[in-house]
2 protein chains.
Amino acid sequence: MSDAVSRPTLEAVAARAGVSRATVSRVVNGGDGVREPLVERVRRAVEELGYVPNQAARSLVTRRHDAVAVVIAEPETRIFTDPFFALQLRGISKELTAHDNQLVLLLTEGRDDHARVARYLAGGHVDGALVFSLHLDDPLPGLIEGAGVPTVFGGRPGWSDGTDSAVYVDCDNRGGAEDAVRHLVGLGRTRIAHITGPLDQTSAADRLQGYRDVMGETDPRLVVASDFTPTGGERAMGELLDRCPDVDAVFAANDLTALGALRVLRERGRRVPEDVAVIGFDDVLPVAEQTEPPLTTVRQDIEEMGRLMARLLLSTLARGGPATGAPSSVVLPTTLIRRATA
Amino acid sequence: MSDAVSRPTLEAVAARAGVSRATVSRVVNGGDGVREPLVERVRRAVEELGYVPNQAARSLVTRRHDAVAVVIAEPETRIFTDPFFALQLRGISKELTAHDNQLVLLLTEGRDDHARVARYLAGGHVDGALVFSLHLDDPLPGLIEGAGVPTVFGGRPGWSDGTDSAVYVDCDNRGGAEDAVRHLVGLGRTRIAHITGPLDQTSAADRLQGYRDVMGETDPRLVVASDFTPTGGERAMGELLDRCPDVDAVFAANDLTALGALRVLRERGRRVPEDVAVIGFDDVLPVAEQTEPPLTTVRQDIEEMGRLMARLLLSTLARGGPATGAPSSVVLPTTLIRRATA
DNA sequence: CTGAAAGCGCTAACAT
DNA sequence: ATGTTAGCGCTTTCAG
């Protein structure tokens, strides 16, 4: 009820414990250099008064907030279809929590929101930022750079300038794609198609590159662009069947796309994997395990990537700025998970 | 880069504009009671220096943070399967953003995290809280009550004491369920089953109640408990078919459950809706529109519920505490969306 | 309408 | 090892 008024201050605790504010502060912040009996007395006073430090006052002097922003700049509705973000968020949340940091979520709905986000980051409300889903033409990285906030990106950023300086966590999209396609080749398939993701994202572009690495020059009609969604996958698969009725394998850019593709294949009476083998990417369990038949896919450890991003950022912050031997980007390996579709 | 050091202060702006700190503060906070020429001068100084107010310093004196916590206490993995939370988050985010408030996300993974959340809320880091997914035996509401932070709940809380005081936003689960079942009855179905959600959540309990309202006394074997997940829906549908092979309609507690049920029905060779009609609940588009056949379901406006929760909380905060004519809970209507399964 | 001054609650030198 | 003191950057009376 009437709380704000009555919150005890350091002063109050000090009075109660019969010590100075400084001593209480020391105890509250770890208790180093304070003798045991005093520590004990202060602890009790804190307990009795239900003292909780005022974060604003603390931040004002330490210039730290123990909070990091998570910026999700997905203009489209993918966030709401793909468990990807939720998983990543969970990893981030776990890691931040373990280090007593708070997660400030910044969702952007479009260009208009970019300025707001930039302003917020520049405002020094948070110690750092974790940024997702950049597209090639995204103005956000520039704005963030300008804000001067330590940042780790989720997925390799695609813009050209200053690429080296950007720290990111990604999975080996290209290598994973190569594995997938090689597997298809090993199965004896010869008309192997690829349904891409949005090619203005590096993850999609890299997977396409992996496909090309293995396939070399192929019938260009075997590559059809899509957008990481089930509906997009359906449309693309439809086109594919129309253009190349003899297709005998499909590497879909992600599991959701594969889901759509499977649906169309079934509708059109193609047996999977007998007539057409299918491989996805991500291994988002609720999707991949539940398709019919269960999806063979390239697994990336999404939650771990989230955790890693947070860890990287926190370690950067701990070193006091990106200057001191900044940690570098991490690219995690992928694994091909064989289920029933290939 | 080296930013924190160089961030200009009110003082700097004041100096540049040739006025006092107080005047700058007034202008920055709306400019009431400052004459136009001065306002203009100050604005320019702010612009030129790129001044951004220090939130910590401001909070220290105003005792406001312009931030609210969103607590998602979903012990299970539902968050990562069901677009429900993402949609709600989006609604909340939009509303908060519109009022210059920040969203602090608190994800809890289990009982251990409860204390942490309670401590955080009690710590006065945020002005209020939006809390989700309470189960009947959840200790969180009590802890939150204790923290003395204005709170709005997502979904009717189920615990018995002090229920009246809790403000929540929910949809008319019972009424929606009644509509669904009545529709099934109108279709001439007589063996209408219900696959429930987790009955320790009021949303699931209320939907079951709605089913009972219409069905009255029925074969108890027609009601089978589940958990809002596709896998749960599969299992439940399987049991149902074993126990009551003559079932001719199913009202599933949510769309994901319906998804699982549809899968099993297809596997077992039952035609939908000819042999068995199916209705879901939620109308989460990516799910409901994409089932085979498209799902008839009870729609609730999830994003709007999120927006409403935020609006309610903010208005409470604006009035300066829950005391002054606190806004009361809101229950939104539902609509039956007829697609192909019933 | 504007300025001067007093803190908000805390940490971090600096003394002791 | 503990206490004293000086702010962190801002808002808000209170004078003028």
Side-chain angles (χ1 to χ4, degrees), chain A residues 3-43 45-46 49-67 100 122-127 320, chain B residues 3-43 45-46 49-67 100 122-127 320:
Chain A
D3 54 325
V5 186
S6 56
R7 292 242 325 265
T9 71
L10 250 202
E11 184 84 53
V13 177
R16 173 136 195 153
V19 298
S20 74
R21 275 182 4 230
T23 299
V24 178
S25 176
R26 289 183 186 110
V27 172
V28 169
N29 294 293
D32 298 342
V34 179
R35 260 201 269 278
E36 193 47 47
L38 268 201
V39 171
E40 191 52 34
R41 243 181 36 227
V42 172
R43 288 250 161 81
V46 165
L49 264 39
Y51 169 76
V52 184
N54 179 320
Q55 188 62 38
R58 181 180 277 173
S59 292
L60 185 54
V61 34
T62 61
R63 286 146 181 295
R64 283 211 44 153
H65 304 265
D66 296 320
D100 271 308
H125 303 266
V126 291
D127 302 325
Chain B
D3 55 323
V5 187
S6 56
R7 290 238 333 260
T9 71
L10 251 201
E11 184 84 52
V13 178
R16 174 136 194 153
V19 299
S20 73
R21 289 199 329 252
T23 298
V24 177
S25 175
R26 289 183 187 111
V27 171
V28 169
N29 295 292
D32 297 343
V34 179
R35 259 199 269 275
E36 194 45 46
L38 269 200
V39 172
E40 191 50 33
R41 238 172 49 219
V42 172
R43 288 248 160 84
V46 165
L49 264 39
Y51 169 75
V52 184
N54 179 318
Q55 188 62 40
R58 180 182 278 175
S59 291
L60 185 54
V61 30
T62 61
R63 286 146 183 293
R64 283 211 44 154
H65 303 264
D66 297 319
D100 271 306
H125 302 265
V126 291
D127 302 325

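Quick note on labels: first sequence line is chain A, next is B, and so on, each numbered from 1.
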- Message: Pair V27(B), R43(B) - check side chain to side chain contact (heavy atoms under 4.5 Å, CB included), show working.
- Response: CA-CA 8 Å; V27(B) 171; R43(B) 288 248 160 84; 4.2 Å; yes
- Full working for side chain to side chain contact (heavy atoms under 4.5 Å, CB included) between R64(A) and D127(A): CA-CA 6 Å; R64(A) 283 211 44 153; D127(A) 302 325; 3.8 Å; yes
- Task: Output, in order, the C-alpha distance, side-chain angles, deciding distance and verdict of side chain to side chain contact (heavy atoms under 4.5 Å, CB included) for D66(A) and D100(A).
- Result: CA-CA 7 Å; D66(A) 296 320; D100(A) 271 308; 6.0 Å; no
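With a 4.5 Å cut-off on side-chain heavy atoms, L60(A) and Q55(A) do not count as touching.
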- Note on the structure: Expected string for nucleotides 10-16 of chain D under the B/S/- scheme (protein heavy atoms, under 4.0 Å, primed atoms plus P, OP1, OP2 as sugar-phosphate) is BBBB---
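Rounded to an integer number of Å, the gap from L60(B) CG to dC10(C) P is 9 Å. Remark: C1' of dA12(C) and CZ of R64(A) are 16 Å apart, rounded to the nearest angstrom. dA12(C) atom C1' lies 15 Å from atom CG of D32(A), rounded to whole Å. Between the CZ atom of R7(B) and the P atom of dC8(D) there is a distance of 14 Å, rounded to whole Å. Across the protein-nucleic acid pair, R41(A) atom CZ and dA1(D) atom P stand 16 Å apart, rounded to whole Å. Atom-to-atom, CZ of R63(A) to P of dG7(D) comes out at 14 Å; the value is rounded to the nearest Å.
Contact between the side-chain N/O atoms of T23(A) and the OP1/OP2 oxygens of dG3(D) is found at a separation under 4.0 Å.
The distance from atom OG1 of T23(A) to atom CZ of R35(A), rounded to the nearest 0.5 Å, is 11.5 Å.
When the salt bridge (Lys or Arg N to Asp or Glu O under 4.0 Å) test is applied to E40(B), no partner is found at least two apart in sequence or on another chain.
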